[in-house]
Amino acid sequence: MTDLPGRENDPNDNPFAMFGNPEQMAQAMRQFADMLSAPQGSGPVNWDMAKNIARHAVVAEGDPSVMEGERRQIVDALQLADLWLNEATALPSGVSNPQAWSRSEWIENTVPVWRKLCEPIAERMVETMGGALGGGSLPPEAQQMAAQLGPLMGMMKQMGGMMVGQQIGQALGSLAREVVGTTDIGLPLSDTAALLPGGVASFSEGLELPAEEIRLYLALREAAHHRLFQHVPWLRGHLLGAVEEYAKGITVDTSALEEQIRGLDISNPEALQEALSGGGLLKPEETERQKSALARLETMLALVEGWVGTVVDAAAEGKLPSAGALAETVRRRRATGGPAETTFGTLVGLELRPRRLREAAALWQALEADRGIDGRDAVWGHPDLMPTADDLDAPDTYVKGDTAWDISKLEDGED
């Protein structure tokens, strides 16, 4: 403590009073130090800082370590769910080391994929902000200061990177408070099948259903996703590639950024951060290439979710009395969107939503009825066999069509 006894509350004797709230100033200084510690060439975002911000966000609302009893419940549920799935799909197990994670552990373990998804748009935001912060968009008094302190303007790009890192960290912290596992948004965020006890508890709020059934149903969904992501070699790259392709068409709304910066109070340590809140600065170009990437992504997300729902329903039949109610809860959660989709929109500029979930599920069910489980799952053998958006409109035509199911012919044609 540096305060003298009896003088702690005397603002006239506080030499730092001009800097405002000391806690806010301390946080800003920590984040500034994080920014300066980023190694050269490490990319547009300081990911260590982003992770710290995300972890602080979840810890602030309570993120206890996973207790041994909770860990055992989650591991047992994932193992049992994986066993049940053997009867519902021809794809082999994708669960080799089931785990239970805290929200902080989810952040740490999924950042590598977030980095791949976020950096294309983050780089453009940093470039744009570096120009806006160092140019004519600043208020006149700030421009005069910049002219006098020319060498410092080289740090403006780093400041842009810091602010984007803040935004990503806050978004990941928000998302971590909502997810129940590694596959909620339909993308493979980790090779490890895991559930978050805290996320399962939050999902269960308001549902008057047995906790064991809820946990096991969510474990079925997690394990089913991992069967796809582990044993359909092209799927991971197809999904992540579609997100990247879409992100390449995102631009930063320079006029909106300049308008926000023009009215900033530069003495307010939170002003720049507030200017970046939300996804309003991200503006799709809506090129034909981008529209094609988005349509491809939404169709594939619907097909993944539809297949998962189909095999989970089959695996749970006769074993989980509340499976039907839980399936409808999950469908509403995924189809109508929510904070997770909004948060993802702030990260990569689009909302991940399987808009045609019911149509996709109907197609998989029709395919199983006609060709059996093995024939249904054989479709995942090659991307050229997958249903298209048009096929979702006419599933019977796809199922009864003259599609050649011999994958070797497709592979020969690629040579």
Side-chain angles (χ1 to χ4, degrees), residues 50-51 53-66 70-71 73-75 77-78 81 94-95 98-118 168-207 211 214-226 228-229 236 239-240 243 301 304-305 308-309 312 326 329-348 350-354 357:
K51 285 192 294 184
I53 291 173
R55 284 196 293 258
H56 290 156
V58 297
V59 169
E61 295 194 7
D63 183 34
S65 299
V66 177
E70 294 175 319
R71 188 194 70 80
Q73 287 178 333
I74 294 296
V75 170
L78 285 167
V95 177
Q99 296 183 18
W101 290 343
S102 66
R103 292 183 169 98
S104 295
E105 289 171 324
W106 181 89
I107 292 169
E108 185 69 32
N109 287 299
T110 62
V111 155
V113 175
W114 288 118
R115 183 167 187 163
K116 181 178 178 65
L117 292 172
C118 296
I168 290 176
Q170 291 165 352
L172 289 181
S174 174
L175 195 57
R177 293 194 294 270
E178 184 182 347
V179 296
V180 300
T182 69
T183 59
D184 296 51
I185 64 172
L187 297 178
L189 296 179
S190 173
D191 290 333
T192 301
L195 292 180
L196 286 66
V200 174
S202 296
F203 178 91
S204 304
E205 290 178 1
L207 300 179
I214 296 174
R215 183 167 53 246
L216 190 48
Y217 186 84
L218 295 175
L220 279 167
R221 288 185 51 80
E222 178 79 1
H225 275 100
H226 277 273
L228 276 182
F229 296 145
R236 179 183 298 267
L239 285 170
L240 299 183
V243 174
L301 285 173
V304 168
E305 287 295 314
V308 166
V312 166
L326 287 167
T329 298
V330 170
R331 274 194 290 268
R332 286 199 305 268
R333 176 184 170 107
R334 291 293 286 127
T336 61
E341 284 77 12
T342 301
T343 298
F344 194 88
T346 70
L347 293 174
V348 296
L350 79 159
E351 294 183 358
L352 287 181
R353 190 177 302 172
L357 180 55

Say you draw a straight line from CG of Leu117 to CD1 of Ile185; how long is it, rounded to the nearest 0.5 Å? 7.0 Å

What salt bridge (charged side-chain N to carboxylate O under 4.0 Å, His left out) pairs are there with at least one residue in residues 193-206, not counting sequence neighbours? none

Separation of Leu189 CG from Asp184 CG (nearest 0.5 Å): 8.5 Å

Nearest 0.5 Å, what's the CG-CH2 distance between Leu172 and Trp114? 6.0 Å

Looking at every non-hydrogen atom in both residues, tell me the closest pair between Val308 and Ala224 and how far apart they are. CG1-CB, 4.1 Å

Measure across Arg215 and Ala77 and return the closest heavy-atom pair with its distance rounded to 0.1 Å. CG-CB, 4.0 Å

Apply the test side chain to side chain contact (heavy atoms under 4.5 Å, CB included) to residues Val113 and Leu187: give CA-CA distance (whole Å), side-chain angles for both, the deciding distance (0.1 Å), then the verdict. CA-CA 9 Å; Val113 175; Leu187 297 178; 5.9 Å; no

Spacing of Leu175 atom CG and Ile107 atom CD1 [to the nearest 0.5 Å]: 9.0 Å

Value rounded to 0.5 Å, distance of CD1 in Ile74 from CG in Leu195: 4.5 Å

Quick one: list whatever passes side-chain hydrogen bond (donor to acceptor under 3.5 Å, both in side chains) with Gln99, sequence neighbours left out. Trp101

Nearest non-hydrogen partners of Leu240 and Pro188, listed with the distance: CD2-CD, 4.5 Å

Starting at CH2 of Trp106, measure out to CG of Leu196 and round the result to the nearest 0.5 Å. 8.0 Å

Just to verify, what does Ser202 make a side-chain hydrogen bond (donor to acceptor under 3.5 Å, both in side chains) with, not counting sequence neighbours? Arg103

Partners passing side-chain contact (heavy atoms from CB on, under 4.5 Å) against Ser102 (at least two apart in sequence or in another chain): Asp63, Val66, Ser104, Glu105

Is there a donor-acceptor pair closer than 3.5 Å between any side-chain N or O of Gln170 and the backbone N or O of Ile53? no

Applying salt bridge (Lys or Arg N to Asp or Glu O under 4.0 Å) to Arg221 and not counting sequence neighbours gives Glu305

Hits for side-chain hydrogen bond (donor to acceptor under 3.5 Å, both in side chains) against Asn109, two or more places apart or cross-chain, chain-then-number order -> none

Ser204 side chain to Val200 main-chain N or O, any donor-acceptor pair under 3.5 Å? yes

Are a donor atom and an acceptor atom from the side chains of His226 and Thr182 found within less than 3.5 Å of each other? yes

